[in-house]
Amino acid sequence: MNRYGVFGNPIEHSLSPIIHTQFAKQAGLNIQYDKILAPIDDFALSTQSFINQGAKGFNITVPFKIEAFNLATELTLNAQTAGAVNTIKIDGDKLIGENTDGIGLVNDLIKNLGINLNNKTILILGAGGATRGILLPILKQSPKRLMIANRTASKATQLAKDFEDHGKTCGFGLDKIKDTPVDVIINATSASLDGQMPTIANGVANDAICYDLMYGTQTPFMDWAKANNAKMVVDGLGMLVEQAATAFEFWTGKQPNTQEVIKNLRG
Ligand code: NDP
């Protein structure tokens with residue numbers, strides 16, 4: 001039986017074991033997938049002991065994605081650009097680091113929700129780790145314009161600059177968002193975790209597709225989007241399942257049926 005797992009702190013809330021167990025069942029594979037609570041100051045030691053037990057791969061969640069980036073002995077282009085790793089494949093002595101978050105988001109938007117990003121105006125709220133991970137896969141879809149707005153404006157301008165070779169990007173403070181509609185708004189701030197919604201111009205949501213990376217609850221961003229005439233309001237559960245599917249395929253070569261798993265999780 002091949003072993004996999006997810007490292008995080010905290011980790012109790014993680015849905016990854018349920019998701020990967022369902023993927024394995026679909027593929028007819030017998031795997032064991034564990035939640036592993038790594039001490040905040042001992043990620044490397046925890047992963048080493050897992051690797052020594054013959055594990056084939058693992059996922060990494062908050063707050064260890066940067067440490068996983070440093071742990072990897074090889075990096076995919078996605079991981080290199082994101083500067084963070086959420087999936088490691090163990091291949092002999094090699095630890096191959098990948099970042100599947102952005103591919104997961106794009107797959108959910110395109111495959112599951114039927115939203116084409118080509119030639120669209122996209123606004124991303126937030127300029128943290130999640131935004132860095134989703135920028136390249138989104139820019140690969142050739143949007144007309146990609147705007148990054150952040151509470152700390154300098155982080156948004158820096159990120160826009162870092163990715164300007166991949167497409168038309170610009171960055172500014174949340175207060176500079178114009179009161180005119182965009183096609184897609186992605187909330188990649190962690191404000192929802194604190195039950196908050198940043199104060200921004202309401203008109204930007206009119207007829208827009210509004211996507212919150214957070215999942216598991218109706219967030220203040222989703223309430224705000226509905227109240228301001230969004231065309232579609234979505235949470236990040238589909239992204240979670242899609243990023244897991246890309247990791248599963250990276251490890252096993254088998255492509256899961258994600259829609260079945262999303263349906264099961266939504267009950
Ligand atoms: P980070 O801590 O790296 O970044 C947080 C961002 O949110 C920063 O830009 C920060 O702004 C901003 N922010 C925090 N609080 C507020 C607030 N009250 N008002 C305005 N802006 C705020 O977090 P991540 O990027 O790693 O994660 C962001 C979200 O994405 C989380 O909710 C996480 O759960 C979710 N996520 C979901 C995934 C999925 O599969 N569905 C995958 C990965 C992430 P500033 O720079 O000014 O501090």
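Counting starts at 1 for both ligands and their atoms, in listed order. Along the sequence shown, residues carry numbers from 1. Values below: every heavy atom of this structure, side chains too, minus hydrogens, waters and symmetry copies. Values in this document were obtained by computation on a predicted structure and should not be read as measured data.
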I need the nearest protein heavy-atom contact for [atom]: residue, atom name and distance, please.
atom: atom 11 (O) of ligand 1; answer: N150 OD1, 3.3 Å
atom: atom 12 (C) of ligand 1; answer: T189 CB, 3.8 Å
atom: atom 16 (C) of ligand 1; answer: R151 NH1, 3.3 Å
atom: atom 38 (C) of ligand 1; answer: M239 CE, 3.9 Å
atom: atom 33 (C) of ligand 1; answer: L193 CD1, 4.9 Å

**Request:** Check whether any heavy atom of G104 sits under 4.0 Å from an atom of ligand 1.
**Result:** no
**Prompt:** Going by heavy atoms, is A188 under 4.0 Å from ligand 1?
**Reply:** yes
Looking at every heavy atom in both [X] and [Y], which two are closest together, and how far apart are they?
X: G133; Y: A82; result: CA-CB, 3.8 Å
X: Q80; Y: L75; result: NE2-O, 3.6 Å
X: I19; Y: A244; result: CG2-CB, 3.7 Å
X: Y215; Y: L237; result: CB-N, 3.4 Å

If you measure every N or O of [X] against every N or O of ligand 1, does any of those distances drop under 3.5 Å?
X: T152; result: yes
X: P198; result: no
X: Q196; result: yes
X: K155; result: yes

**Prompt:** What orientation do F43 and F58 show, parallel under 30°, tilted 30 to 60°, or perpendicular over 60°?
**Reply:** perpendicular
**Asked** Relative to each other, are the rings of F23 and H20 parallel, tilted or perpendicular (30° and 60° limits)?
**Response** perpendicular
Could you list the atoms of ligand 1 found under 4.0 angstrom from a heavy atom of [X]?
X: A130; result: 24 (P), 25 (O), 26 (O), 27 (O), 28 (C), 30 (O), 44 (C)
X: Y215; result: 41 (N)
X: A127; result: 9 (O)

**Complete:** Only one of D101, D162, N99 passes side chain to side chain donor-acceptor pair (under 3.5 Å) with R132, and that residue is D162
**Message:** For a side chain to side chain contact (heavy atoms under 4.5 Å, CB included) check, start with the C-alpha distance between V106 and I138, then their side-chain angles and the critical distance, and finish with the verdict.
**Reply:** CA-CA 7 Å; V106 168; I138 291 178; 4.0 Å; yes
**Asked** From atom 4 (O) of ligand 1, is the closest protein heavy-atom distance below 4.0 Å?
**Response** yes
**Request:** Find out whether L136 and K140 are in side-chain contact, i.e. whether some heavy atom of one side chain is under 4.5 Å from a heavy atom of the other.
**Result:** yes
**Request:** Using heavy-atom distances, let me know which of V62, L213, I66 sits nearest atom 30 (O) of ligand 1.
**Result:** L213
**Prompt:** So between S190, G126, G129, G128, whose heavy atom ends up nearest atom 7 (O) of ligand 1?
**Reply:** S190
**Residue pair D212 / T219, side-chain donor-acceptor N/O under 3.5 Å** = yes
**Item:** Q48 and N52 side chains, donor-acceptor separation under 3.5 Å
**Value:** yes
